[in-house]
S.K.: 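The structure is given below, and queries will be raised subsequently.
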There are 2 protein chains.
Amino acid sequence: MTSGQPLPHSQEPTLTIAQVVERTGLSHDTLRYYEKAGLIQRVGRTTGNQRRYAMADLAWLEFLIRLRETGMSIADMQRFAQLRARGDATVPDRLAMLREHRADLADRIHALRRNAAALDDKIGHYERLLDQPGSDDLT
Amino acid sequence: MTSGQPLPHSQEPTLTIAQVVERTGLSHDTLRYYEKAGLIQRVGRTTGNQRRYAMADLAWLEFLIRLRETGMSIADMQRFAQLRARGDATVPDRLAMLREHRADLADRIHALRRNAAALDDKIGHYERLLDQPGSDDLT
DNA sequence: GTAGAACCTGGAGCGCGCTCCAGGTCAAGC
DNA sequence: GCTTGACCTGGAGCGCGCTCCAGGTTCTAC
């Protein structure tokens with residue numbers, strides 16, 4: 001993590017699409033869709049035009065998965081990926097996006113916890129109904 | 001809340017669809033869709049066939065909204081609504097559904113919190129990049 | 001009585017995030 | 001060399017949860 005210069009044409013190991021499917025849980029189609037959508041920059045190819053993913057591609061995919069799992073839309077991921085492709089100058093914008101997303105996420109987690117508490121109440125209500133039946137509940 | 005016998009033809013106040021829209025945040029179309037889908041039993045009508053929602057309908061809608069906000073699918077809500085329509089005998093089944101949903105919810109909340117922590121790490125990474133620039137990051 | 005807003009119905013359409021398909025090319029083992 | 005499976009592309013299709021539309025009826029205010 002000191003130089004940061006990406007090694008050009010390094011002999012770093014690469015992965016076939018099947019291996020990336022296995023490691024990420026994304027499907028072949030989703031991987032191709034993400035590439036077509038610009039979420040991931042065009043991935044390296046063999047002379048026969050088959051994809052070979054670098055470890056950096058894998059790391060980026062895993063980050064995308066995290067964004068998706070926390071509810072970021074494809075459109076926003078596209079925006080983030082475009083910023084990233086433009087290089088270091090966009091770090092402040094990317095940071096701002098992540099902070100906003102993080103704040104949204106905090107809100108959603110809080111809402112879920114409130115709803116979870118209300119569900120617990122409802123469950124308690126049903127449990128009481130089972131203990132003392134015959135009250136003909138319609139709730 | 002002692003008898004539980006639903007009052008037939010009571011003079012309980014009712015709400016127009018516009019009032020329910022206002023109170024629930026659901027749209028006219030969503031309310032009609034939920035009724036058509038069987039999520040809510042056919043709601044009372046005026047002689048002119050316009051809907052009049054009872055307060056119990058409102059309470060049930062609010063519960064449905066909670067289920068939806070916690071990620072329950074329409075199909076599962078349909079199952080729950082059908083159980084409810086079959087009366088007290090299905091209380092154990094409804095309780096089981098709610099408990100399962102609650103457990104799923106707990107899992108999802110935990111996953112979100114883990115992802116939130118990872119996002120915080122990423123944000124910290126970007127903040128450090130901004131403090132000591134020039135490292136040509138592509139992450 | 002009349003205007004205009006609110007409401008009704010069945011059914012088509014939409015945005016999202018994939019998923020599937022057809023028809024072909026490429027690569028690895030025998 | 002041949003087979004077989006993995007991979008390629010562009011584009012159509014799908015499931016979900018609504019949302020919109022057309023064309024008609026009802027309600028409310030004046």
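Throughout, protein chains are lettered first and strands after them, A, B, ... in sequence-line order, and every chain is numbered starting at 1.
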S.K.: Hey, is the side chain of A:Thr30 poking within less than 4.0 Å of OP1 or OP2 on C:dG17, counting only N and O atoms?
M.R.: no

S.K.: Does atom CD of A:Glu62 have more than 12 heavy-atom neighbours, drawn from other residues, nucleotides or ligands, at distances under 6.0 Å?
M.R.: yes

S.K.: Want to settle it: does B:Lys36 or B:Ala18 sit nearer the 5' end of DNA chain C, counting the closest nucleotide to each?
M.R.: B:Ala18

S.K.: Distance check needed: C:dA6 P versus B:Glu22 CD, whole Å only.
M.R.: 12 Å

S.K.: Does any non-hydrogen side-chain atom of B:Arg114 lie less than 4.5 Å from one of B:His110?
M.R.: yes

S.K.: Distance check needed: C:dC18 C1' versus A:Leu61 CG, whole Å only.
M.R.: 15 Å

S.K.: Is there a side-chain polar atom (N or O) of A:Thr16 under 4.0 Å from OP1 or OP2 of D:dC7?
M.R.: yes

S.K.: Using only atom types and a distance under 3.5 Å, with no angle test, would you say the side chain of A:Arg51 pairs donor to acceptor with the backbone of A:Arg32?
M.R.: no

S.K.: Within the structure shown, what part of the strands sits under 4.0 Å from A:Arg51 by heavy-atom distance: base, sugar-phosphate, or nothing?
M.R.: sugar-phosphate

S.K.: Check the distance between C:dT9's C1' and B:Ile17's CD1 and give it to me in whole angstrom.
M.R.: 12 Å

S.K.: Any base atoms under 4.0 Å from B:Arg68, or only sugar-phosphate, or nothing? Heavy atoms, all strands.
M.R.: sugar-phosphate

S.K.: Distance check needed: D:dG17 P versus B:Leu67 CG, whole Å only.
M.R.: 13 Å

S.K.: When the distance from CG of B:Asp29 to P of C:dC7 is rounded to whole Å, what number comes out?
M.R.: 12 Å

S.K.: Could you check whether B:Asn49 gets within reach of a base, just the sugar-phosphate, or nothing at all, counting any heavy atom under 4.0 Å?
M.R.: sugar-phosphate

S.K.: Distance check needed: C:dG11 C1' versus B:Arg32 CZ, whole Å only.
M.R.: 13 Å

S.K.: Give me the ring orientation class for B:Trp60 and B:Phe80: parallel if the planes are under 30° apart, tilted from 30 to 60°, perpendicular past 60°.
M.R.: parallel

S.K.: Could you state the CD-P distance from B:Gln50 to C:dA5, rounded to the nearest angstrom?
M.R.: 15 Å

S.K.: Can you tell which of C:dC18, D:dC18, D:dT19 lies closest to the side chain of B:Ile74?
M.R.: D:dC18

S.K.: Which sits closer to the 5' end of DNA chain D, B:Met77 or B:Gly48, going by the nucleotide each is nearest to?
M.R.: B:Met77

S.K.: Would you call B:Leu130 and B:Glu127 a side-chain contact if the rule is heavy atoms closer than 4.5 Å?
M.R.: no

S.K.: Using only side-chain N and O atoms of B:Ser27, determine if any of them is under 4.0 Å from OP1 or OP2 of D:dT19.
M.R.: yes

S.K.: Considering heavy-atom distances to DNA chain C, does A:Ala75 or A:Thr47 have its closest nucleotide positioned more toward the 5' end?
M.R.: A:Ala75

S.K.: Across the strands shown, which category fits A:Arg45 at heavy-atom distances under 4.0 angstrom: base, sugar-phosphate, nothing?
M.R.: sugar-phosphate

S.K.: Under 4.0 Å between a side-chain N or O of A:Tyr34 and OP1 or OP2 of C:dG17?
M.R.: no

S.K.: In whole angstroms, how far is the C1' atom of D:dC18 from the CD1 atom of B:Ile40?
M.R.: 17 Å

